[in-house]
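Following: one structure in structure tokens, then a few remarks.
Positions are given from 1 along the sequence.
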Amino acid sequence: MFADPERFDSFVPRGLAGDRGPASSTADLREALYDGGQGGALATFATWLFAHNAQVGFMAFALGILVGFPTFVLILSTGLMLGAFLALA
């Protein structure tokens with residue numbers, strides 16, 4: 001990114017970056033994030049990030065249960081079938 005600042009534009013849309021880029025100073029970046037201690041962009045982003053991560057966690061848990069249930073049923077039915085075969089022997 002530092003060797004070729006134009007690559008930054010290919011990864012980060014202009015609307016998302018605003019006036020910030022590889023040439024921005026640390027003071028400019030801190031001013032954009034902290035917004036003078038009023039919360040602003042940093043608080044909004046932190047709230048969005050927490051909500052998004054919680055949603056991903058709940059979805060992973062729910063899908064793990066739902067996807068694991070057919071596996072459990074398949075193992076149970078196979079075990080019952082093998083048990084029936086062993087009972088005949």
Side-chain angles (χ1 to χ4, degrees):
M1 295 282 179
F2 294 114
D4 186 12
E6 291 181 9
R7 292 183 66 192
F8 179 79
D9 294 330
S10 64
F11 290 108
V12 180
R14 230 345 125 186
L16 182 62
D19 294 331
R20 298 171 306 273
S24 297
S25 68
T26 304
D28 292 338
L29 296 175
R30 286 188 180 172
E31 180 182 335
L33 277 177
Y34 297 115
D35 198 19
Q38 302 296 324
L42 185 61
T44 303
F45 176 71
T47 303
W48 175 85
L49 185 63
F50 181 81
H52 180 265
N53 286 345
Q55 182 181 9
V56 168
F58 287 134
M59 288 295 290
F61 179 73
L63 288 176
I65 289 174
L66 293 177
V67 173
F69 182 72
T71 304
F72 174 75
V73 171
L74 181 64
I75 290 173
L76 180 68
S77 66
T78 304
L80 291 174
M81 183 174 52
L82 286 175
F85 283 138
L86 288 175
L88 291 176

OG of S24 to CZ of R30, rounded to nearest 0.5 Å, is 13.5 Å
message: So for atom CE, which belongs to M81, do other residues, nucleotides or ligands contribute more than 12 heavy atoms lying within a distance under 6.0 Å?
response: yes
Practice task
Classify the angle between the aromatic ring planes of F69 and F72 as parallel (below 30°), tilted (30 to 60°) or perpendicular (above 60°).
Solution key: tilted
Note to self: Assigning hydrophobic clusters by single linkage (Ile, Leu, Val, Met, Phe, Trp, Tyr; side-chain heavy-atom cutoff under 4.5 Å), is F8 placed with F11?
What the structure shows: yes
Separation between CG (L49) and CG (N53), nearest 0.5 Å, reads 4.5 Å
